[in-house]
Amino acid sequence: MTGFLKMHGLGNDFVVVDERAHRHDLTPARIAALCDRHQGIGCDQFVTLRPACAEGADVFVRFFNADGSESGACGNASRCVADLLARETGQKHVGLQTRASVLHATVVRPGLVTVDMGAPAMGWTDVPLAEERDTLHLPIAGDPAAVSMGNPHATFFLPAPDSVDPSVAGPGLEHHALFPERANIGFAHVTSRDAMRLRVWERGSGLTLACGSGACAAVVNAVRRGLVERTCTVTMDGGELCITWRESDGHVLMTGPATTSFQGTFSPEDYPR
Ligand SMILES: N[C@H](CCC[C@H](N)C(=O)O)C(=O)O
């Protein structure tokens with residue numbers, strides 16, 4: 001049997017499996033089956049914990065989408081794992097090794113976490129794009145901007161709130177030829193110099209109630225466009241994140257809740273390999 005924790009950040013939900021003591025034969029097909037909301041446990045992302053092998057890291061975290069593909073970053077799950085590790089160690093600072101980098105998180109109080117998501121990468125090869133283009137103005141209708149937060153994001157700035165349905169526009173944009181690794185697609189509406197509404201169609205998982213890295217990407221892109229100040233509240237369907245793109249070192253700080261829903265067990269052999 002494999003134990004798991006069900007956690008969420010603003011309704012972006014995760015199955016977390018601890019593989020630090022031993023591995024559980026979790027193939028991409030098996031992960032996709034477990035993520036299924038009708039025939040599996042159900043979640044937006046599947047998260048595994050392994051022993052860290054990078055300096056300053058307490059744990060090696062891997063993030064998988066509901067289709068079984070892997071992502072270099074997941075902001076909401078990073079807060080959840082930091083909250084979990086902090087409870088385990090009694091320390092409020094947690095180092096998370098991800099495929100993209102080592103992230104430093106601080107548990108402000110149980111259930112409220114700040115993650116230093118590092119510096120955004122804005123070059124066309126960083127996102128990545130398929131060809132050399134200005135990432136601040138992609139040649140796609142609606143004029144989105146692109147950035148990498150350890151995973152690829154494009155943000156559209158809508159003149160009116162909810163004037164685009166992410167479930168309709170998202171799938172085609174996720175697979176647009178300009179994004180060789182696909183992309184997470186954000187639809188933002190800036191409401192003031194320090195606030196925006198955001199919905200994200202996530203690569204490999206579809207529409208979620210919140211996307212932490214997407215919120216970071218939206219604020220970075222909005223600052224680059226001169227639309228908001230460097231500290232901005234991002235309101236998504238599942239709730240709010242506070243994002244600061246720090247001037248001193250260019251790092252993006254994301255603060256928001258981390259919640260544990262329940263724990264359970266499953267047998268990997270019950271799912272297709
Ligand atoms: N929900 C996550 C993002 C998952 C990213 C994933 N969909 C991808 O990059 O493929 C977040 O809070 O940042």
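FYI, the numbering just counts along the sequence from 1. Order of listing sets the numbers, starting from 1, for every ligand and every atom in it.
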Exercise for the section: Go through the structure and list residues passing salt bridge (charged side-chain N to carboxylate O under 4.0 Å, His left out) with D134, not counting sequence neighbours. Expected result: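 Salt bridge (charged side-chain N to carboxylate O under 4.0 Å, His left out) check on D134 returns nothing, list empty.
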Handout entry: Residues lining ligand 1 [heavy-atom distance under 4.0 Å, listed by chain and residue number]
Key =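 Correct list: N12, Q45, N65, S71, A73, C74, G75, N76, N151, N184, E202, R203, C211, G212, S213.
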Problem - Salt bridge flag under 4.0 Å for residues R79 and D83 - result: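 No.
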For [X] and [Y], which I'm curious about, is there any donor-acceptor pair between the side chains at under 3.5 Å?
{"X": "H153", "Y": "S148", "answer": "no"}
{"X": "D44", "Y": "S205", "answer": "no"}
{"X": "S69", "Y": "R182", "answer": "yes"}

Handout entry: Backbone N/O of T191 and side chain of R197: donor-acceptor pair under 3.5 Å
Key =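 The answer is no, because no donor-acceptor pair under 3.5 Å joins these two groups.
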